[in-house]
Student: 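Sharing a structure with you now.
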2 protein chains.
Amino acid sequence: MSRQLDEVDRTILREMTSDARQTIRALAATVGLSEPSVRDRLQRLERDGVITGYHAALDPASVDADTTAFVALRFTMSAKAEVNAALAGDPRVLEVHEVAGEDCYWLKVRVAGTGPLAETLDHIRAIPSVTGTSTTIVLRTVFERPLGVDASGPR
Amino acid sequence: MSRQLDEVDRTILREMTSDARQTIRALAATVGLSEPSVRDRLQRLERDGVITGYHAALDPASVDADTTAFVALRFTMSAKAEVNAALAGDPRVLEVHEVAGEDCYWLKVRVAGTGPLAETLDHIRAIPSVTGTSTTIVLRTVFERPLGVDASGPR
DNA sequence: GTTGAAAGAGCATAGTT
DNA sequence: AACTATGCTCTTTCAAC
(Lines give C-alpha, C1' and ligand atoms only; values in the text may rest on other atoms or scores of the structure.)
Protein backbone atom coordinates (compact mmCIF):
# COMPACT_ATOMS: atom_id res chain seq x y z
CA MET A 1 0.00 0.00 0.00
CA SER A 2 1.42 3.35 -0.94
CA ARG A 3 1.75 5.99 1.69
CA GLN A 4 -0.63 8.86 2.29
CA LEU A 5 -0.11 11.88 0.08
CA ASP A 6 0.58 15.26 1.67
CA GLU A 7 -0.06 18.68 0.20
CA VAL A 8 3.34 18.86 -1.48
CA ASP A 9 2.78 15.50 -3.17
CA ARG A 10 -0.59 16.70 -4.35
CA THR A 11 0.90 19.85 -5.80
CA ILE A 12 3.54 17.81 -7.60
CA LEU A 13 0.87 15.50 -9.03
CA ARG A 14 -1.30 18.41 -10.06
CA GLU A 15 1.62 20.08 -11.79
CA MET A 16 2.81 16.95 -13.55
CA THR A 17 -0.71 16.13 -14.63
CA SER A 18 -0.99 19.43 -16.39
CA ASP A 19 2.58 19.62 -17.74
CA ALA A 20 4.62 16.45 -17.54
CA ARG A 21 7.66 17.91 -19.26
CA GLN A 22 8.37 20.72 -16.88
CA THR A 23 11.74 20.60 -15.14
CA ILE A 24 12.45 19.57 -11.57
CA ARG A 25 13.63 23.12 -11.09
CA ALA A 26 10.29 24.59 -12.09
CA LEU A 27 8.48 22.08 -9.93
CA ALA A 28 10.71 22.92 -6.98
CA ALA A 29 9.94 26.60 -7.43
CA THR A 30 6.21 26.11 -7.35
CA VAL A 31 6.16 23.71 -4.39
CA GLY A 32 8.75 25.71 -2.46
CA LEU A 33 11.25 22.93 -1.75
CA SER A 34 14.77 22.28 -2.98
CA GLU A 35 15.38 20.41 -6.21
CA PRO A 36 16.75 17.23 -4.63
CA SER A 37 13.74 17.00 -2.32
CA VAL A 38 11.30 17.40 -5.14
CA ARG A 39 13.19 14.92 -7.21
CA ASP A 40 13.11 12.41 -4.35
CA ARG A 41 9.38 12.86 -3.96
CA LEU A 42 8.76 12.51 -7.65
CA GLN A 43 10.78 9.31 -7.78
CA ARG A 44 8.93 7.97 -4.79
CA LEU A 45 5.60 8.70 -6.46
CA GLU A 46 6.82 6.83 -9.52
CA ARG A 47 8.19 3.89 -7.52
CA ASP A 48 5.03 3.61 -5.44
CA GLY A 49 2.96 3.48 -8.61
CA VAL A 50 1.04 6.67 -7.93
CA ILE A 51 2.37 8.00 -11.22
CA THR A 52 1.99 5.25 -13.81
CA GLY A 53 3.57 7.06 -16.73
CA TYR A 54 4.01 10.24 -18.72
CA HIS A 55 2.24 10.52 -22.04
CA ALA A 56 2.03 13.00 -24.86
CA ALA A 57 -1.60 13.75 -25.72
CA LEU A 58 -2.25 13.84 -29.45
CA ASP A 59 -4.83 15.78 -31.41
CA PRO A 60 -7.29 13.17 -32.71
CA ALA A 61 -7.78 14.92 -36.04
CA SER A 62 -4.03 15.10 -36.66
CA VAL A 63 -3.61 11.35 -36.29
CA ASP A 64 -6.68 10.39 -38.31
CA ALA A 65 -8.82 9.41 -35.36
CA ASP A 66 -11.49 12.03 -35.12
CA THR A 67 -14.43 9.65 -35.06
CA THR A 68 -15.21 8.28 -31.63
CA ALA A 69 -17.69 5.56 -30.76
CA PHE A 70 -18.69 3.44 -27.81
CA VAL A 71 -19.28 -0.22 -28.55
CA ALA A 72 -21.19 -2.55 -26.26
CA LEU A 73 -19.75 -5.97 -26.90
CA ARG A 74 -21.56 -9.19 -26.08
CA PHE A 75 -19.57 -12.39 -26.03
CA THR A 76 -19.18 -15.69 -24.27
CA MET A 77 -17.77 -14.59 -20.94
CA SER A 78 -15.73 -17.78 -20.60
CA ALA A 79 -13.54 -16.58 -23.47
CA LYS A 80 -12.46 -13.40 -21.71
CA ALA A 81 -8.74 -13.97 -22.08
CA GLU A 82 -8.90 -14.41 -25.86
CA VAL A 83 -11.22 -11.46 -26.29
CA ASN A 84 -9.01 -9.26 -24.12
CA ALA A 85 -5.96 -10.20 -26.15
CA ALA A 86 -7.69 -9.51 -29.46
CA LEU A 87 -8.93 -6.12 -28.27
CA ALA A 88 -5.56 -5.17 -26.81
CA GLY A 89 -4.00 -5.93 -30.18
CA ASP A 90 -6.18 -3.41 -31.98
CA PRO A 91 -4.83 0.13 -31.52
CA ARG A 92 -8.19 1.59 -32.49
CA VAL A 93 -9.64 0.24 -29.27
CA LEU A 94 -8.60 2.75 -26.60
CA GLU A 95 -10.57 1.52 -23.61
CA VAL A 96 -12.23 -1.70 -22.52
CA HIS A 97 -14.50 -1.74 -19.47
CA GLU A 98 -16.42 -4.62 -18.02
CA VAL A 99 -19.72 -3.12 -16.95
CA ALA A 100 -22.49 -4.21 -14.60
CA GLY A 101 -25.98 -5.05 -15.73
CA GLU A 102 -25.65 -6.55 -19.16
CA ASP A 103 -22.87 -9.14 -19.19
CA CYS A 104 -20.81 -7.24 -21.67
CA TYR A 105 -17.88 -4.95 -22.31
CA TRP A 106 -18.01 -1.32 -23.25
CA LEU A 107 -15.28 -0.24 -25.61
CA LYS A 108 -14.18 3.18 -26.61
CA VAL A 109 -12.83 3.23 -30.14
CA ARG A 110 -11.32 6.02 -32.16
CA VAL A 111 -11.01 5.83 -35.95
CA ALA A 112 -10.73 7.91 -39.09
CA GLY A 113 -14.42 8.02 -40.01
CA THR A 114 -17.43 5.81 -40.42
CA GLY A 115 -15.78 3.61 -43.04
CA PRO A 116 -12.89 2.66 -40.75
CA LEU A 117 -15.43 2.34 -37.94
CA ALA A 118 -17.28 -0.28 -39.94
CA GLU A 119 -14.03 -2.12 -40.57
CA THR A 120 -13.21 -2.00 -36.91
CA LEU A 121 -16.58 -3.48 -36.06
CA ASP A 122 -16.03 -6.19 -38.66
CA HIS A 123 -12.76 -6.98 -37.05
CA ILE A 124 -14.24 -7.07 -33.56
CA ARG A 125 -17.16 -9.23 -34.64
CA ALA A 126 -14.71 -11.66 -36.20
CA ILE A 127 -13.23 -12.44 -32.79
CA PRO A 128 -14.35 -15.95 -31.84
CA SER A 129 -17.01 -16.03 -29.11
CA VAL A 130 -18.26 -12.51 -29.89
CA THR A 131 -22.01 -12.70 -30.28
CA GLY A 132 -22.98 -9.13 -30.99
CA THR A 133 -22.22 -5.42 -30.82
CA SER A 134 -24.19 -2.27 -30.27
CA THR A 135 -22.53 0.96 -31.29
CA THR A 136 -23.15 4.52 -30.17
CA ILE A 137 -21.47 7.21 -32.20
CA VAL A 138 -20.05 10.31 -30.58
CA LEU A 139 -21.12 13.43 -32.45
CA ARG A 140 -18.95 15.76 -30.46
CA THR A 141 -16.62 15.40 -27.52
CA VAL A 142 -17.31 18.32 -25.21
CA PHE A 143 -14.17 17.69 -23.18
CA GLU A 144 -11.81 15.00 -22.03
CA ARG A 145 -9.21 15.37 -19.32
CA PRO A 146 -6.67 13.24 -17.53
CA LEU A 147 -7.46 11.90 -14.09
CA GLY A 148 -6.41 14.50 -11.54
CA VAL A 149 -5.61 14.50 -7.84
CA ASP A 150 -8.86 16.23 -6.98
CA ALA A 151 -11.27 13.66 -8.35
CA SER A 152 -12.39 12.63 -4.89
CA GLY A 153 -12.72 15.75 -2.78
CA PRO A 154 -14.19 18.62 -4.82
CA ARG A 155 -17.14 20.92 -5.12
CA MET B 1 -4.08 22.54 -41.57
CA SER B 2 -1.05 20.82 -40.21
CA ARG B 3 1.34 19.15 -42.60
CA GLN B 4 1.44 15.46 -43.35
CA LEU B 5 3.38 13.37 -40.88
CA ASP B 6 6.31 11.30 -42.10
CA GLU B 7 7.76 8.17 -40.53
CA VAL B 8 10.14 10.13 -38.31
CA ASP B 9 7.29 12.25 -36.97
CA ARG B 10 5.32 9.12 -36.24
CA THR B 11 8.22 7.59 -34.38
CA ILE B 12 8.59 10.74 -32.32
CA LEU B 13 4.89 10.70 -31.51
CA ARG B 14 4.96 7.03 -30.66
CA GLU B 15 7.92 7.54 -28.36
CA MET B 16 6.49 10.60 -26.64
CA THR B 17 3.16 8.88 -26.23
CA SER B 18 4.80 6.08 -24.31
CA ASP B 19 7.34 8.17 -22.37
CA ALA B 20 6.85 11.89 -22.44
CA ARG B 21 9.76 12.68 -20.14
CA GLN B 22 12.54 11.18 -22.19
CA THR B 23 15.26 13.52 -23.35
CA ILE B 24 15.77 14.92 -26.83
CA ARG B 25 19.01 12.98 -26.85
CA ALA B 26 17.25 9.68 -26.27
CA LEU B 27 14.63 10.53 -28.86
CA ALA B 28 17.31 11.43 -31.38
CA ALA B 29 19.01 8.09 -30.78
CA THR B 30 15.88 6.08 -31.47
CA VAL B 31 14.78 8.03 -34.55
CA GLY B 32 18.32 8.23 -35.93
CA LEU B 33 18.50 11.98 -36.52
CA SER B 34 20.57 14.68 -34.87
CA GLU B 35 19.38 16.35 -31.69
CA PRO B 36 18.68 19.75 -33.27
CA SER B 37 16.54 18.13 -35.97
CA VAL B 38 14.55 16.12 -33.51
CA ARG B 39 14.09 19.15 -31.31
CA ASP B 40 12.87 21.16 -34.30
CA ARG B 41 10.41 18.45 -35.25
CA LEU B 42 9.10 18.12 -31.73
CA GLN B 43 8.56 21.87 -31.48
CA ARG B 44 6.82 21.87 -34.82
CA LEU B 45 4.50 19.08 -33.69
CA GLU B 46 3.69 21.12 -30.60
CA ARG B 47 3.15 24.37 -32.50
CA ASP B 48 0.97 22.65 -35.12
CA GLY B 49 -1.20 21.25 -32.37
CA VAL B 50 -0.47 17.61 -33.17
CA ILE B 51 0.80 17.25 -29.61
CA THR B 52 -1.71 18.95 -27.33
CA GLY B 53 0.10 18.41 -24.05
CA TYR B 54 2.11 16.15 -21.79
CA HIS B 55 0.40 14.57 -18.83
CA ALA B 56 1.37 12.37 -15.93
CA ALA B 57 -1.01 9.40 -15.68
CA LEU B 58 -2.08 8.66 -12.12
CA ASP B 59 -3.09 5.39 -10.55
CA PRO B 60 -6.84 5.71 -9.86
CA ALA B 61 -6.68 3.84 -6.55
CA SER B 62 -3.87 6.09 -5.28
CA VAL B 63 -5.89 9.24 -5.79
CA ASP B 64 -9.15 7.86 -4.40
CA ALA B 65 -10.85 7.42 -7.74
CA ASP B 66 -11.09 3.69 -8.30
CA THR B 67 -14.81 3.61 -9.06
CA THR B 68 -15.66 4.37 -12.67
CA ALA B 69 -19.12 4.89 -14.13
CA PHE B 70 -20.71 6.04 -17.35
CA VAL B 71 -23.65 8.39 -16.97
CA ALA B 72 -26.17 9.06 -19.71
CA LEU B 73 -27.42 12.57 -19.07
CA ARG B 74 -30.71 13.89 -20.42
CA PHE B 75 -31.27 17.61 -20.31
CA THR B 76 -32.81 20.49 -22.20
CA MET B 77 -30.46 20.79 -25.15
CA SER B 78 -30.95 24.56 -25.31
CA ALA B 79 -29.06 24.87 -22.05
CA LYS B 80 -25.90 23.27 -23.34
CA ALA B 81 -23.57 26.07 -22.37
CA GLU B 82 -24.64 26.06 -18.72
CA VAL B 83 -24.53 22.29 -18.51
CA ASN B 84 -21.09 22.20 -20.10
CA ALA B 85 -19.78 24.74 -17.62
CA ALA B 86 -21.21 22.89 -14.64
CA LEU B 87 -19.72 19.59 -15.81
CA ALA B 88 -16.36 21.14 -16.56
CA GLY B 89 -16.30 22.52 -13.03
CA ASP B 90 -16.59 19.08 -11.49
CA PRO B 91 -13.23 17.28 -11.46
CA ARG B 92 -14.94 13.92 -10.98
CA VAL B 93 -16.30 14.23 -14.53
CA LEU B 94 -13.44 13.17 -16.78
CA GLU B 95 -15.18 13.03 -20.15
CA VAL B 96 -18.29 14.46 -21.75
CA HIS B 97 -19.47 13.23 -25.15
CA GLU B 98 -22.49 14.28 -27.10
CA VAL B 99 -23.81 11.08 -28.64
CA ALA B 100 -26.15 10.28 -31.49
CA GLY B 101 -29.46 8.59 -31.06
CA GLU B 102 -30.82 9.73 -27.74
CA ASP B 103 -30.44 13.47 -27.38
CA CYS B 104 -28.10 13.22 -24.46
CA TYR B 105 -24.56 13.31 -23.14
CA TRP B 106 -22.49 10.41 -22.03
CA LEU B 107 -20.17 11.18 -19.16
CA LYS B 108 -17.31 9.22 -17.74
CA VAL B 109 -16.91 9.84 -14.02
CA ARG B 110 -14.35 8.56 -11.59
CA VAL B 111 -14.91 8.67 -7.83
CA ALA B 112 -13.89 7.06 -4.53
CA GLY B 113 -16.75 4.54 -4.30
CA THR B 114 -20.48 4.24 -4.59
CA GLY B 115 -21.14 6.81 -1.86
CA PRO B 116 -19.21 9.55 -3.67
CA LEU B 117 -20.80 8.33 -6.90
CA ALA B 118 -24.23 8.99 -5.42
CA GLU B 119 -23.11 12.46 -4.36
CA THR B 120 -21.76 13.13 -7.81
CA LEU B 121 -25.07 12.12 -9.36
CA ASP B 122 -26.90 14.37 -6.87
CA HIS B 123 -24.67 17.20 -7.93
CA ILE B 124 -25.22 16.52 -11.61
CA ARG B 125 -28.99 16.21 -11.23
CA ALA B 126 -29.00 19.53 -9.42
CA ILE B 127 -27.82 21.30 -12.56
CA PRO B 128 -30.75 23.33 -13.95
CA SER B 129 -32.28 21.83 -17.10
CA VAL B 130 -31.06 18.31 -16.31
CA THR B 131 -34.03 16.01 -16.61
CA GLY B 132 -32.57 12.61 -15.84
CA THR B 133 -29.59 10.29 -15.62
CA SER B 134 -28.92 6.66 -16.28
CA THR B 135 -25.77 5.20 -14.79
CA THR B 136 -23.74 2.17 -15.77
CA ILE B 137 -21.12 1.08 -13.28
CA VAL B 138 -17.77 -0.26 -14.42
CA LEU B 139 -16.88 -3.44 -12.57
CA ARG B 140 -13.40 -3.68 -13.98
CA THR B 141 -11.40 -1.71 -16.49
CA VAL B 142 -9.64 -4.22 -18.70
CA PHE B 143 -7.35 -1.56 -20.15
CA GLU B 144 -7.13 2.07 -21.03
CA ARG B 145 -4.48 3.64 -23.21
CA PRO B 146 -3.65 7.03 -24.64
CA LEU B 147 -4.51 7.78 -28.24
CA GLY B 148 -1.61 6.66 -30.38
CA VAL B 149 -0.36 7.39 -33.88
CA ASP B 150 -1.53 4.05 -35.17
CA ALA B 151 -5.21 4.37 -34.44
CA SER B 152 -6.06 4.57 -38.13
CA GLY B 153 -3.80 2.09 -39.90
CA PRO B 154 -3.34 -0.96 -37.68
CA ARG B 155 -3.58 -4.71 -37.40
C1' DG C 1 19.16 18.05 -43.14
C1' DT C 2 24.39 17.63 -40.84
C1' DT C 3 28.54 18.39 -37.35
C1' DG C 4 31.02 20.73 -33.69
C1' DA C 5 31.71 23.85 -30.03
C1' DA C 6 30.55 26.71 -26.18
C1' DA C 7 27.50 28.49 -22.61
C1' DG C 8 23.85 27.90 -19.69
C1' DA C 9 20.36 25.16 -17.54
C1' DG C 10 19.08 21.18 -15.34
C1' DC C 11 20.08 16.93 -12.74
C1' DA C 12 22.24 13.58 -9.67
C1' DT C 13 25.29 12.69 -5.97
C1' DA C 14 27.35 13.14 -1.69
C1' DG C 15 27.74 15.06 2.71
C1' DT C 16 25.13 17.69 6.62
C1' DT C 17 21.55 18.99 9.75
C1' DA D 1 12.88 14.52 5.12
C1' DA D 2 15.06 18.45 4.28
C1' DC D 3 19.32 21.51 2.73
C1' DT D 4 23.87 23.03 0.17
C1' DA D 5 27.94 21.84 -2.67
C1' DT D 6 29.74 20.02 -6.63
C1' DG D 7 30.43 17.68 -10.94
C1' DC D 8 28.17 15.82 -14.77
C1' DT D 9 24.57 15.57 -18.44
C1' DC D 10 21.59 17.63 -21.39
C1' DT D 11 19.88 21.36 -24.05
C1' DT D 12 20.29 25.33 -26.67
C1' DT D 13 22.26 28.28 -29.81
C1' DC D 14 25.58 29.41 -32.66
C1' DA D 15 28.52 28.72 -36.43
C1' DA D 16 29.86 26.38 -41.00
C1' DC D 17 28.57 22.89 -44.21
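Computed from a predicted structure; not experimentally measured.
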Student: Both V38(A) and E35(B) contact DNA chain D. Taking the nearest nucleotide for each, which residue is further toward the 5' end?
Tutor: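 Closer to the 5' end of DNA chain D: V38(A).
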Student: CG of D9(A) versus C1' of dA1(D): gap in Å, rounded?
Tutor: 12 Å
Student: Can you list the other members of the hydrophobic cluster that holds V71(A), where links are side-chain heavy atoms under 4.5 angstrom apart?
Tutor: L73(A), F75(A), M77(A), V83(A), L87(A), V93(A), V96(A), Y105(A), L107(A), V109(A), V111(A), L117(A), L121(A), I124(A), I127(A), V130(A), I137(A), V142(B), F143(B)
Student: Rounding to a whole Å, what distance do you find between R41(A):CZ and dA12(C):C1'?
Tutor: 18 Å
Student: Which way is the base of dA9(C) turned, syn or anti, if we draw the line at 90° from 0?
Tutor: anti
Student: Side-chain polar contacts of residues 5-12 of chain B - donor-acceptor pairs under 3.5 angstrom, sequence neighbours left out - could you list them?
Tutor:
residue: D6(B); atom: OD1; partner: V8(B); partner atom: N; Å: 3.1
residue: D6(B); atom: OD1; partner: D9(B); partner atom: N; Å: 2.8
residue: D6(B); atom: OD1; partner: R41(B); partner atom: NH1; Å: 3.0
residue: D6(B); atom: OD2; partner: R41(B); partner atom: NH1; Å: 3.2
residue: D6(B); atom: OD2; partner: R41(B); partner atom: NH2; Å: 3.1
residue: E7(B); atom: OE2; partner: R10(B); partner atom: NH1; Å: 2.9
residue: D9(B); atom: OD1; partner: R41(B); partner atom: NH1; Å: 2.9
residue: D9(B); atom: OD1; partner: R44(B); partner atom: NH2; Å: 3.3
residue: D9(B); atom: OD2; partner: D6(B); partner atom: N; Å: 3.3
residue: D9(B); atom: OD2; partner: R44(B); partner atom: NH2; Å: 3.2
residue: T11(B); atom: OG1; partner: E7(B); partner atom: O; Å: 2.9

Student: Heavy-atom count check: over 12 atoms from other residues, nucleotides or ligands less than 6.0 Å from R125(A) CZ?
Tutor: yes
Student: Give a yes or no on whether a salt bridge exists between E46(A) and R21(B), defined as a side-chain N under 4.0 angstrom from a carboxylate O.
Tutor: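 Salt bridge: no.
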Student: Between the side chain of T52(A) and the main-chain N/O of D59(B), is any donor-acceptor distance below 3.5 Å?
Tutor: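 Looks like no, no N/O pair under 3.5 Å.
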Student: Which one, dT12(D), dT13(C), dG10(C), comes nearest to the side chain of R39(A)?
Tutor: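 Nearest to the side-chain atoms of R39(A), counting from C-beta on, is dT13(C).
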Student: Taking Watson-Crick (N1-N3 plus N6-O4 or O6-N4) and G-U wobble (N1-O2, O6-N3), each under 3.5 Å, can you produce the dot-bracket string of DNA chain D? Use [ ] for crossing pairs and | for inter-strand ones.
Tutor: ||||.||||||||||||
Student: Among dT13(D), dC11(C), dT4(D), which nucleotide has an atom closest to any side-chain atom of P36(B)?
Tutor: dT13(D)
Student: Please report, rounded to the nearest Å, how far the P atom of dC11(C) is from the CG atom of D40(A).
Tutor: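 Value for this atom pair: 13 Å.
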Student: For L27(A) and dA2(D), give me the distance from atom CG to atom C1', rounded to whole Å.
Tutor: 17 Å
Student: Which nucleotide wins on minimum distance to the side chain of I24(B), given the candidates dT12(D), dG1(C), dC3(D)?
Tutor: dT12(D)
Student: Would you mind reporting whether T141(B) and R110(B) have side-chain heavy atoms less than 4.5 Å apart?
Tutor: yes
Student: When the distance from CD of Q22(B) to P of dC10(D) is rounded to whole Å, what number comes out?
Tutor: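 After rounding, the reported distance stands at 13 Å.
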Student: OP1 or OP2 of dC3(D) versus the side-chain N and O atoms of S37(A): is any pair under 4.0 Å?
Tutor: yes
Student: Give the rounded distance in Å between these two atoms: CD of Q43(B) and P of dT12(D).
Tutor: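 So the two atoms are 7 Å apart, to the nearest Å.
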Student: Of the listed nucleotides (dT3(C), dA9(C), dT11(D)), which one gets closest to any side-chain atom of R25(A)?
Tutor: dA9(C)
Student: Parallel, tilted or perpendicular: which one describes the rings of F70(B) and H97(A), with boundaries at 30° and 60°?
Tutor: perpendicular
Student: Nearest of dG10(C), dG1(C), dC3(D) to any side-chain atom of L33(B)?
Tutor: dG1(C)
Student: In terms of side-chain heavy atoms of R21(B), which of dC11(C), dG1(C), dT3(C) is nearest?
Tutor: dC11(C)
